[in-house]
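So the structure is just underneath, and the comments pick up after that.
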Amino acid sequence: MVATPNNRRAQYTQQVIEDTVLQLLETKPVESISVTEVCQLADVNRTTFYRHYTDIFQCLDQIEQTFLASYSFDKGARPMVNVERLLDAFYQQRRLSNLVFVDGKTKLLDRMQATIPADVPFANTYQITYIWSGVKAIIQQWVKAEMPETPHELTRIIFRSILAQDLPPIDPEKL
């Protein structure tokens with residue numbers, strides 16, 4: 001980005017562009033969003049857009065980074081507390097939920113995972129990968145259903161799922 005990041009006018013322009021991209025994601029896939037369309041809706045010219053971003057995907061990347069930078073991970077807190085805080089931040093900025101479904105184009109869920117420490121004492125690398133895949137799927141389902149549960153309720157669902165507390169007993173003979 002060429003513009004001075006601390007310039008209030010530049011910050012305002014970036015915010016307008018980012019809000020416009022998020023608004024468009026509510027009704028269409030990212031592949032269908034053009035810089036021209038963003039500029040028309042945001043009432044900025046293409047030169048202004050390109051002063052801040054190289055393309056729509058870099059704009060999405062900046063939105064994700066800003067969101068995650070606003071979240072601070074508490075290393076002293078229990079994992080449930082941090083997951084709930086992260087979900088709450090996401091819940092408060094619902095327009096960002098559209099980024100969850102831009103598969104392969106954004107890294108929001110992967111970046112969310114990176115905010116959680118990898119040195120979990122009760123799980124190895126394979127287990128963490130397996131658990132996080134499930135957590136991402138639960139978050140995607142939650143967003144797709146328009147976030148009917150509160151972040152607190154979803155956190156409990158996630159941890160009860162991780163601990164297999166709500167699953168019926170499995171007969172090992174039938175596996």
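- Contact annotation: the side chain of Y53 never approaches that of D61 to less than 4.5 Å [non-hydrogen atoms, C-beta and beyond].
- A donor-acceptor distance shorter than 3.5 angstrom exists from the side chain of Q58 to the backbone of T54, with no hydrogens or angles considered.
- Heavy atoms only, all atoms of each residue included: L22 and R95 are closest at CD2-O, 3.8 Å.
- Nearest heavy-atom pair, L25 versus P29, reported as atom, atom and distance to 0.1 Å: CD2-C, 4.5 Å.
- To the nearest 0.5 angstrom, I33 atom CD1 is 8.5 Å from F57 atom CZ.
- Across Q140, M147, E146, a single residue satisfies side chain to side chain contact (heavy atoms under 4.5 Å, CB included) together with V143, and that is M147.
- Figure legend: cation-pi geometry between R51 and F49 absent, as NZ or CZ is not positioned both under 6.0 Å from the six-membered ring centre and within 45° of its axis.
- Counting non-hydrogen atoms of other residues, nucleotides and ligands closer than 6.0 Å to CG of D43 gives a total of 12 or fewer.
- Atom CG of L60 sits about 8.5 Å away from atom CG of D55, to the nearest 0.5 Å.
- The minimum heavy-atom distance between E37 and S32, with the atom names listed, is OE1-O, 3.7 Å.
- Taking CH2 of W132 as the start and CD1 of I139 as the end, the distance is 4.5 Å to the nearest 0.5 Å.
- Across every non-hydrogen atom of E153 and P148, the tightest pair is OE1-O, 4.4 Å.
- Using bins of under 30°, 30° to 60° and over 60° for the plane-to-plane angle, the ring pair F90/W142 lands in the tilted bin.
- In this structure, OG1 in T20 is found 11.5 Å from CD in Q40, a value given to the nearest 0.5 Å.
- When side chains are defined from C-beta on, I158 counts as touching L87, because their heavy atoms get closer than 4.5 Å.
- Atoms CD1 and CD1, on I138 and I162 in that order, are 7.0 Å from each other to the nearest 0.5 Å.
- Cluster annotation: V81 and V135 are assigned to distinct hydrophobic clusters (Ile/Leu/Val/Met/Phe/Trp/Tyr, side-chain heavy-atom contacts under 4.5 Å, transitive).
- No side-chain donor from either of D19 and Q23 sits under 3.5 Å from a side-chain acceptor of the other.
- Linking ILVMFWY side-chain heavy atoms closer than 4.5 Å, directly or via other members, places L41 and V16 in two distinct hydrophobic clusters.
- Interatomic distance, D88 CG to L154 CG, rounded to the nearest 0.5 Å: 11.5 Å.
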